[in-house]
Amino acid sequence: MTAHRVPFDGRFSIGDFSPDPPDGMPSRKALGDELGGLVDELDALQQRLFADQRFAVLAVFQAMDAAGKDSTIRKVFSGVNPAGFRVHAFGRPSEPELRHDFLQRVAARLPERGKIGIFNRSHYEEVLVVRVHPEFLAAQHLPGVDRQRIWAERFESIRGFERHLARNGVAIVKFWLNISRKEQKKRLLSRIDEADKNWKFRLGDLDDRARWKEFQSAYEAMLRETSREWAPWYAIPADDKPYMRVAVARVMVETLRNLDPRFPKFGPEQRREVAEGRRRLEKE
Ligand code: AMP
Ligand code: MG
C-alpha cells in the first residue's frame, strides 16, 4: 500500500502532497460503495486479530482543526465490533500528566493484543502544537531545554518508542489529514453558520489557523523524521471528505491484511473436545 505514504528516507517535502484527491477519483456512489465494503472487511479482520492474539493495531490521527479527524474515525470504524477497538482523544495535558515524561500518557492507553487502538491526536502534539506555542513547552517542568536540540531529541524518542512497540507486535499506522487553508476556512465558517455545528466552534482554533505556516513546517519535519517502515505516515488528502474516508479505510484494511491474523489451529486435542461436546449434547 503505497498511495499517499510518506517516504521513509527523510526526504519528504510537504509541497509534494496535495490536499486534493488524485485525478480520476471515483464517483460519490463508487466511493460510498467501496467504503461500505471496506468497513465490513475491517470488522472481519478485527475478529481474526482478536482470535490470533499476537498483534495490536495502533492508528494515529493528526491534523489541523476541522480536517475531519472525528468524522473519519466515526465512519471508518462504524462497522467494527465496539469491543474490538477504542478511541482516545488527547487534549492539553493535565497537571498530573505533566509530572511525567511526554510519552507516559500515550503508553498508558495503548491497545492490547487483538484490539485496534485509535489516537485522536497523540504524542505527536509534542512536536506540533508544543513546537508552535513555546508557552506549552515552558509549562512542562523540563530540566533544562536546549532549544537547538529538543525537537531532534523528541523525534529520536518517538522513533525509538514506536520501534519498540512494533517489535512487540503493535502494528502502527499514522494518518495526517492534509486539509488546505482555504477548505479549513470554509469548514470553520460552516461551524459558525450552521446552528447544529456551533458547538464545535472555538475561537482558539483561529489562533492555530493564524500560525498556519509554522504548523505546516512542524508537520513537514514530523513527517520527515518519523515516517518509517515500522510506523509509516500517510498524507491523506482531506479537502474531499468521501475520498478521505475511503483512503483511510483502504490503508487500515491493507495494514490488517498484511498482518494476516489467523484463527487458532484446530489440533487433535480440540477435535476430541468438540466430538466429546457433541456426544454429551446429543445424550441430553
Ligand atoms: P480538540 O482535539 O480540537 O478537541 O482539541 C484538543 C486541543 O488540545 C488541541 O488544540 C491540541 O493542540 C491540544 N493538545 C493536545 N495535546 C497537547 C499537548 N501535548 N500539549 C499542548 N496542547 C495539546
Ligand atoms: Mg485547536
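Each ligand, and each atom within it, is numbered from 1 in the order the structure gives.
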Between ligand 1 and A89, can you find any atom pair, the residue atom being a heavy atom, that is separated by under 4.0 Å?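 Distance cut 4.0 Å: A89 fails for ligand 1.
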Hey, which atoms in ligand 1 end up nearer than 4.0 Å to a heavy atom of [X]?
{"X": "R202", "value": "3 (O), 4 (O), 5 (O)"}
{"X": "P93", "value": "17 (C), 18 (C), 19 (N), 20 (N), 21 (C)"}
{"X": "V130", "value": "20 (N)"}
{"X": "E126", "value": "19 (N)"}
{"X": "D65", "value": "3 (O)"}

Please work out whether the ring planes of [X] and [Y] are parallel, tilted or perpendicular, with thresholds of 30° and 60°.
{"X": "F136", "Y": "H133", "answer": "perpendicular"}
{"X": "Y219", "Y": "F215", "answer": "tilted"}
{"X": "W233", "Y": "Y124", "answer": "perpendicular"}

Please confirm whether [X] comes within less than 3.5 Å of ligand 1 when only nitrogen or oxygen atoms on both sides are compared.
{"X": "K69", "value": "no"}
{"X": "R105", "value": "yes"}
{"X": "R92", "value": "yes"}
{"X": "G91", "value": "yes"}
{"X": "N120", "value": "no"}

Under 3.5 Å, side chain of D52 to main-chain N/O of R262, donor-acceptor pair present?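 Yes: the side chain of D52 pairs with the backbone of R262.
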Can a donor-acceptor pair be found, under 3.5 Å and without considering hydrogens, that links the side chain of R271 to the backbone of F266?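 Checking the backbone N and O of F266 against the side chain of R271, a donor-acceptor pair under 3.5 Å is found.
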Which residue, K174, R167, R228, forms the salt bridge (Lys or Arg N to Asp or Glu O under 4.0 Å) with E162?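 That would be K174.
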Residues which pass salt bridge (Lys or Arg N to Asp or Glu O under 4.0 Å) with R187, listed by chain and number, not counting sequence neighbours: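 Partners of R187 by the salt bridge (Lys or Arg N to Asp or Glu O under 4.0 Å) criterion, ordered by chain and then number, come out as E183.
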Can you tell me which portion of L128 lies within the under-4.0 Å heavy-atom range of ligand 1? Options are side chain, backbone, both, or neither.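 Neither part.
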Can you give each donor-acceptor pair under 3.5 Å made by side-chain atoms of residues 31-51, sequence neighbours left out, with the distance rounded to 0.1 Å?
unit_1, atom_1, unit_2, atom_2, d
D33, OD1, K29, NZ, 3.4
D33, OD2, K29, NZ, 2.6
E34, OE1, R250, NH2, 3.0
E34, OE2, R250, NE, 2.6
E34, OE2, R250, NH2, 3.4
E41, OE1, R257, NH2, 3.0
E41, OE2, R257, NE, 2.7
E41, OE2, R257, NH2, 3.1
D43, OD1, N81, N, 3.0
Q46, NE2, G114, O, 2.9
R48, NE, P261, O, 2.8
R48, NH2, D260, OD1, 3.1
R48, NH2, P261, O, 3.0

